[in-house]
> 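Before anything else, here's the structure in question.
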Amino acid sequence: MSTELSEQEVLRRQAADQMRELGINPYPAPLYEINAHSKEILEKYPEDNTLFQEVSIAGRIMSRRIMGAASFVVIQDSVGKIQLYIKRDEICEGEDKTMYNTVFKKLLDIGDIIGVKGYVFVTQMGETSIHVKELTVLSKSIRPLPIVKEKDGVIYDAFTNPEQRYRQRYLDLVVNPEVREVFIKRTKIINTIRNFFNEKGYLEVETPVLQPIPGGAAARPFITHHNTLDIPLYLRVANELYLKRLIVGGFDGVYEFSRNFRNEGMDRTHNPEFTCMEIYVAYTDYFWMMELTEEMIERVALAINGTTKAMIGDKEIDFKRPYKRVSMRDSIMEHTGYDILTMSEKELFEACKAMKIDVDNTMGKGKLIDEIFGEKCEHHYIQPTFIYDYPKEMSPLTKAHRETEGLTERFELFLNGKELANAYSELNDPIDQLERLQHQLHLQERGDDEAMFIDHDFVRALEYGMPPTSGMGIGIDRLTMFMTNTPSIQDVLFFPQMKPEKVADNNTQEEV
RNA sequence: GACCAAGUAGCUCAGUCGGUAGAGCACAUCCCUUUUAAGGAUGGGGUCCUGGGUUCGAAUCCCAGCUUGGUCACCA
């Protein structure tokens with residue numbers, strides 16, 4: 001059944017038709033040249049009232065206060081809102097007052113996009129406004145916009161329904177201006193990181209999204225099929241193995257902003273597709289990478305918030321480097337009293353039981369240590385902290401520790417009790433690498449559907465020799481959440497994944 | 001995946017014990033005409049998420065489902 005139009009939708013369609021009858025195209029083709037934006041006018045005019053005396057501006061009508069021979073309209077452009085003063089006899093020279101009485105008063109609505117030319121002045125109420133001399137209809141809106149009103153910082157009738165906000169992000173962006181700010185900051189974060197690496201001479205690269213073997217992370221992949229080659233292809237879960245191949249190829253430093261895809265659960269901090277930045281630098285180790293990471297994060301914080309201090313929830317975070325470094329062994333010792341290095345698998349298992357951590361028999365030593373850290377330690381690290389030296393079993397792509405058997409040269413950066421970045425001295429011993437991947441294969445055969453696949457070409461690349469290299473990956477969505485104090489990943493993605501709308505299904509079936 | 005909550009006009013929401021579907025904004029008509037979320041009056045607008053059930057009667061109670069949110073589990 002086709003959806004019937006609401007009264008307001010019918011009226012707006014009729015208004016568009018009436019415009020056409022008056023010879024006004026509600027969707028005109030020619031460009032509309034603008035020479036100013038709302039924000040610069042509001043900022044500069046009060047200081048110099050000789051400016052903006054021939055202004056041309058365009059935007060969406062957000063409110064109208066209609067009077068007899070003169071009216072006030074607020075339009076919104078890409079950077080803000082500004083009031084227009086529209087006087088009948090100025091937009092309608094001569095006897096024909098149709099443009100004002102009919103087009104402006106009757107046929108235009110909130111949501112329509114118009115362009116105006118005129119001069120800037122200050123009203124009796126002290127508001128910088130545009131005195132309109134010419135009005136052009138640029139686009140008729142035939143679906144009513146949610147009306148959000150605001151006075152003295154108080155929002156009335158806010159458009160808040162999360163389902164509609166995410167499904168119809170365009171609407172969210174139009175009526176909730178603070179939403180736009182988060183996304184502008186997101187882009188600024190990415191640009192800051194990009195500039196930082198480019199200044200250091202690292203090369204931004206692009207590697208395959210469609211991979212024959214989904215490597216580089218332990219995660220369930222999305223699978224698809226290539227018709228011509230008649231082979232399965234996987235959407236990448238990580239780009240790590242390709243970037244390391246490029247280090248083998250002779251680049252000193254490569255990085256990529258990688259959209260990764262993982263066929264796993266969705267919640268406030270997980271979306272099936274998300275963005276990770278990974279960087280690999282030859283002839284370095286994980287201690288060097290800690291310094292690069294803290295330098296990068298401090299710089300991002302300064303670029304976004306103008307200070308290294310930021311609020312996350314009700315906690316104040318300081319991104320000023322250097323960050324505290326704590327080995328995983330010391331962390332667990334501090335928070336539980338156990339020394340994991342001296343304990344057998346059985347002792348670790350018993351210790352978990354004693355601490356009421358949920359464990360089972362399939363868990364190896366590394367997994368048990370990981371559980372202890374996750375349960376007892378992780379949440380303590382509110383300020384940025386590097387946790388380093390992870391158990392070998394959990395880190396199949398990480399170089400074995402230079403001193404301690406059973407550990408790897410890996411660190412993660414924790415912030416507000418959550419993981420933000422992950423880095424290693426990269427494993428470049430091809431024999432060790434193959435053995436570790438084969439161990440993953442055993443896990444897979446035992447039913448671990450997130451164990452890594454073996455990428456033999458990657459091992460072959462290592463056999464030719466990869467210089468000692470450190471690599472680091474950081475979740476851009478999560479970084480954006482931290483930097484903008486946003487608790488949900490859906491609020492840092494323009495179009496978060498949603499279940500399909502039921503209505504859309506019905507329509508499709510009807511049309512077929 | 002488990003549990004909890006929500007779904008009523010374009011938007012934000014109320015709806016009592018199960019008894020004719022409500023408000024504000026938006027919209028329309030009229031009056032007023034230099035206003036500031038909102039001048040005044042009148043009016044139109046509803047698949048009460050969907051499907052069953054109980055009942056003389058369901059927005060309301062029960063069951064199932066859908067969508068969204070939250071918590072937990074899972075996700076190094």
Side-chain angles (χ1 to χ4, degrees), chain A residues 1 3-12 14-15 62-74 81 83-88 105-106 109-111 121-127 129 131 141-167 171 175-176 217-220 237-238 262-272 274 328 358 366-367 369-371 373-374 378 387 390-391 393-398 408 410 412 419 422 424 440 448-452 473 487-488 490 496 498-506:
Chain A
M1 194 170 74
T3 315
E4 288 191 15
L5 296 177
S6 69
E7 181 190 37
Q8 289 187 53
E9 288 173 290
V10 171
L11 286 167
R12 283 173 177 233
Q14 287 172 356
M62 299 305 283
S63 74
R64 299 196 304 160
R65 293 180 293 281
I66 294 185
M67 260 118 340
S71 300
F72 292 88
V73 171
V74 173
K81 293 178 184 173
Q83 178 171 276
L84 310 179
Y85 173 66
I86 298 179
K87 202 170 171 183
R88 184 186 65 206
K105 281 173 73 170
K106 307 277 186 192
D109 290 292
I110 289 173
F121 76 114
V122 177
T123 64
Q124 289 175 14
M125 301 298 288
E127 180 155 345
S129 307
H131 189 122
S141 164
I142 61 169
R143 191 183 276 264
L145 209 59
I147 306 294
V148 178
K149 293 188 172 173
E150 178 258 326
K151 188 187 185 182
D152 300 333
V154 183
I155 305 286
Y156 300 82
D157 294 340
F159 175 66
T160 54
N161 182 322
E163 182 172 359
Q164 262 191 302
R165 286 188 49 226
Y166 299 144
R167 283 199 200 282
L171 207 48
V175 302
N176 293 328
R220 236 179 314 166
V237 295
R262 296 187 184 177
N263 206 341
E264 291 164 354
M266 293 160 57
D267 61 28
R268 212 152 52 116
T269 56
H270 296 83
N271 193 67
F274 63 100
M328 181 164 274
D358 195 20
K367 182 71 181 162
I369 292 170
D370 192 61
E371 288 290 327
F373 181 78
E378 209 174 274
I387 303 295
Y390 279 64
E393 190 181 311
M394 304 299 294
S395 311
L397 301 168
T398 310
T408 55
R410 171 178 180 180
E412 292 190 343
E419 180 198 338
N422 181 20
Y424 333 132
Q440 290 288 311
D448 183 347
D449 60 358
E450 282 167 354
M452 290 189 193
S488 168
Q490 295 171 114
M498 304 281 282
K499 287 197 185 179
E501 278 183 277
K502 208 179 169 187
V503 178
D505 288 352
N506 289 345

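Being a predicted model, the structure only gives us computed values, none of them experimental. Lettering follows sequence order; numbering is per chain, from 1.
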> I need the CG-C1' distance between A:Leu5 and B:G46, as an integer number of Å.
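Computing the A:Leu5:CG to B:G46:C1' distance gives 16 Å.
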> Could you state the CZ-P distance from A:Phe121 to B:U35, rounded to the nearest angstrom?
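Taking CZ of A:Phe121 and P of B:U35, I get 12 Å after rounding.
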> Once you apply a heavy-atom cut-off of 4.0 Å, does A:Ser71 come out as touching a base, just sugar-phosphate, or nothing?
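Nothing, no nucleic acid heavy atom in range.
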> Between B:C62 and B:G70, how far apart are the P atoms? Round to whole Å, please.
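The answer is 26 Å between these two P atoms.
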> Keeping A:Ser129 on the side-chain end and A:Glu127 on the backbone end, is there a donor-acceptor pair under 3.5 Å?
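Side chain of A:Ser129 to backbone of A:Glu127, a donor-acceptor pair under 3.5 Å: yes, one is there.
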> Is there a donor-acceptor pair closer than 3.5 Å between any side-chain N or O of A:Thr408 and the backbone N or O of A:Tyr390?
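Side chain of A:Thr408 to backbone of A:Tyr390, a donor-acceptor pair under 3.5 Å: yes, one is there.
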> Does any nucleotide pair with B:U67 by Watson-Crick or G-U wobble geometry, both distances under 3.5 Å, and what is it?
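Partner of B:U67: B:A6.
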> Using the P atom on both, measure B:C56 against B:G44 and round to a whole Å.
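To the nearest whole Å, 35 Å.
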> Can you tell me how far C1' in B:U47 sits from the matching atom in B:A9, rounded to whole Å?
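The answer is 13 Å between these two C1' atoms.
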> Just to be sure I understand the rule, does A:Phe72 reach a base, reach only the sugar-phosphate, or reach nothing, if contact means heavy atoms closer than 4.0 Å?
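Base contact.
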> Give none if B:C72 has no partner; otherwise give the nucleotide forming a Watson-Crick or G-U wobble pair with it, both distances under 3.5 Å.
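When the pairing criteria are applied, B:G1 turns out to be the nucleotide that pairs with B:C72.
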> May I ask you to say what A:Glu127 touches in the nucleic acid, namely base, sugar-phosphate or nothing, with a heavy-atom cut-off under 4.0 Å?
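Counting heavy atoms under 4.0 Å across all strands, the contact made by A:Glu127 includes a base.
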> Pairing check on B:G39: which nucleotide meets the Watson-Crick or G-U wobble criteria with it, both distances under 3.5 Å?
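Base-paired to B:C31.
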> Please compare A:Glu7 and A:Tyr390 by the position of their nearest nucleotide in RNA chain B and report the one closer to 5'.
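Closest to the 5' end, via its nearest nucleotide, is A:Glu7.
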> Output yes when at least one side-chain N/O atom of A:Arg268 is less than 4.0 Å from OP1 or OP2 of B:U71, else no.
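Affirmative; the distance criterion is met.
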> Can you check the distance between B:A6 and B:C49, where both ends of the measurement are the P atom (answer in whole Å)?
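Per the computed distance, 12 Å lies between those P atoms.
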> Please determine if a side-chain N or O atom of A:Arg88 lies less than 4.0 Å away from the OP1 or OP2 oxygen of B:U33.
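Checking A:Arg88 against B:U33: no side-chain N or O falls below 4.0 Å of OP1 or OP2.
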> With rounding to the closest Å, how many angstrom separate the C1' atoms on B:G7 and B:U50?
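Comparing C1' positions in B:G7 and B:U50 gives a spacing of 11 Å.
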> Are there more than 12 heavy atoms of other residues, nucleotides or ligands under 6.0 Å from atom CZ of A:Arg65?
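Counting other residues, nucleotides and ligands, CZ of A:Arg65 exceeds 12 neighbours.
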> The side chain of A:Pro162 is closest to which nucleotide in this list: B:G69, B:G45, B:A26?
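The answer is B:G69, which lies nearest to the side chain.
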> Provide the distance between the two P atoms, one in B:G15 and one in B:G53, to the nearest whole Å.
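Pairwise P distance, B:G15 against B:G53, rounds to 29 Å.
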> Can you find a donor-acceptor N/O pair under 3.5 angstrom joining the side chain of A:Thr123 to the base of B:U35?
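Such a pair exists between side chain and base.
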> Within the distance-only criterion (no hydrogens, no angle test), does the side chain of A:Glu264 pair as donor or acceptor with the backbone N or O of A:Arg220 below 3.5 angstrom?
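It does hold such a pair.
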> When you measure from the side chain of A:His270, which nucleotide among B:C75, B:C27, B:U68 comes out closest?
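Nearest nucleotide to the side chain: B:C75.
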> Side chain of A:Glu9, backbone of A:Ser6: donor and acceptor closer than 3.5 Å?
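Yes, because the side chain of A:Glu9 sits within donor-acceptor range (under 3.5 Å) of the backbone of A:Ser6.
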> In whole angstrom, give the distance that lies between atom CZ of A:Phe159 and atom P of B:A9.
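Going from A:Phe159 (CZ) to B:A9 (P), I get 14 Å.
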> Give the rounded distance in Å between these two atoms: NZ of A:Lys499 and C1' of B:G7.
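Interatomic distance, NZ of A:Lys499 to C1' of B:G7: 15 Å.
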> Report yes if at least one side-chain N or O of A:Gln164 is closer than 4.0 Å to OP1 or OP2 of B:C11; otherwise report no.
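Indeed, a polar side-chain atom of A:Gln164 lies that close.
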> Measure from the side-chain heavy atoms of A:Glu163 and tell me the nearest of B:U36, B:U68, B:U35.
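Per side-chain heavy atoms of A:Glu163, the pick is B:U68.
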> Quick one: the side chain of A:Tyr85 and the base of B:U34, do they pair up donor-acceptor inside 3.5 Å?
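Donor-acceptor pair under 3.5 Å: yes.
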> Would you say the ring centroid of A:Phe121 lies under 6.0 angstrom from that of A:Tyr85?
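Yes: the rings meet the under 6.0 Å criterion.
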> Remember a base hit wins even if backbone is also touched, and classify A:Gln490 as base, sugar-phosphate or nothing at under 4.0 Å, heavy atoms.
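Sugar-phosphate contact only.
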> Has the side chain of A:Arg410 got a donor or acceptor atom that lies under 3.5 Å from a matching backbone atom of A:Met394?
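It does hold such a pair.
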> Quick check against the 3.5 Å criterion: does A:Arg12 have a side-chain atom that pairs as donor or acceptor with the backbone of A:Ser141?
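Judged by distance alone, yes, a pair lies under 3.5 Å.
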> For the side chain of A:Asn161, starting at C-beta, report the closest nucleotide among B:A76, B:U12, B:U36.
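Per side-chain heavy atoms of A:Asn161, the pick is B:U12.
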> Check step by step if side-chain contact (heavy atoms from CB on, under 4.5 Å) holds for A:Ile86 and A:His131.
CA-CA 6 Å; A:Ile86 298 179; A:His131 189 122; over 6 Å; no
> To the nearest angstrom, how far is A:Arg165 atom CZ from B:G69 atom P?
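Interatomic distance, CZ of A:Arg165 to P of B:G69: 11 Å.
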> Round to the nearest Å and state the distance from A:Gln14 atom CD to B:G44 atom P.
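In whole Å, B:G44 P and A:Gln14 CD are 18 Å from each other.
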> Once you apply a heavy-atom cut-off of 4.0 Å, does A:Asp267 come out as touching a base, just sugar-phosphate, or nothing?
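Base contact.
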> With heavy atoms under 4.0 Å as the rule, sort A:Gln124 into base, sugar-phosphate or nothing.
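Contact class for A:Gln124: sugar-phosphate only.
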> Describe the nucleic acid contact of A:Arg12 in one word from base, sugar-phosphate, nothing, applying a heavy-atom distance below 4.0 Å.
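Touches nothing.
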> Quick one: which of B:C11, B:C27, B:U35 gets closest to the side chain of A:Met125?
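From the listed options, B:U35 comes nearest.
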> Below 3.5 Å between N/O atoms, which protein atoms pair up with nucleotides 30-32 of chain B? Just atom names and distances, please.
none

> Just do the side-chain contact (heavy atoms from CB on, under 4.5 Å) check on A:Glu378 and A:Glu419 with the steps written out, would you?
CA-CA 8 Å; A:Glu378 209 174 274; A:Glu419 180 198 338; 5.9 Å; no
> If we ignore hydrogens and angles and just use 3.5 Å, is the side chain of A:Arg262 paired with the main-chain N or O of A:Val237 as donor and acceptor?
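Yes; judged by distance alone, with no hydrogens or angles, the pair exists.
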> Base, sugar-phosphate or nothing for A:Ala158? Non-hydrogen atoms, less than 4.0 Å.
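Here A:Ala158 touches the backbone only, sparing every base.
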> B:A23 and B:C63: how far apart are their P atoms, nearest whole angstrom?
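33 Å, rounded to whole Å.
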> Once you apply the 3.5 Å cut-off to both distances, tell me the Watson-Crick or G-U wobble partner of B:G22, or none.
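Partner of B:G22: B:C13.
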> The side chain of A:Pro144 lies closest to which of these nucleotides: B:G10, B:C75, B:A76?
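Among B:G10, B:C75, B:A76, the one nearest the side chain of A:Pro144 is B:G10.
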> How far, in whole Å, is B:G40 from B:G51 if one measures between their C1' atoms?
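My reading of the C1' atoms in B:G51 and B:G40 gives 47 Å.
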> Would you find a donor on one side and an acceptor on the other, under 3.5 Å apart, between the side chain of A:Asn271 and the backbone of A:Phe274?
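Not a single qualifying donor-acceptor pair exists.
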> If you compare every side-chain N and O of A:Gln8 against the phosphate oxygens of B:C11 (OP1, OP2), does one of them come in below 4.0 Å?
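A:Gln8 to B:C11 OP1/OP2: no side-chain N or O under 4.0 Å.
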> Could you please name the option among B:C11, B:C75, B:G69 that lies closest to any side-chain atom of A:Pro146?
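In terms of side-chain proximity for A:Pro146, the closest of B:C11, B:C75, B:G69 is B:C11.
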> Between P on B:U36 and CD on A:Gln83, what's the gap in Å once rounded to a whole number?
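One finds 10 Å between P of B:U36 and CD of A:Gln83, rounded.
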> How many Å lie between CG on A:Leu171 and C1' on B:A26, as a whole number?
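Going from A:Leu171 (CG) to B:A26 (C1'), I get 14 Å.
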> Given B:A76, B:A26, B:C27, which nucleotide is nearest the side-chain atoms of A:Arg410?
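The closest nucleotide is B:A76.
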> With both distances under 3.5 angstrom, what nucleotide forms a Watson-Crick or G-U wobble pair with B:G46?
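Partner of B:G46: none found under 3.5 Å.
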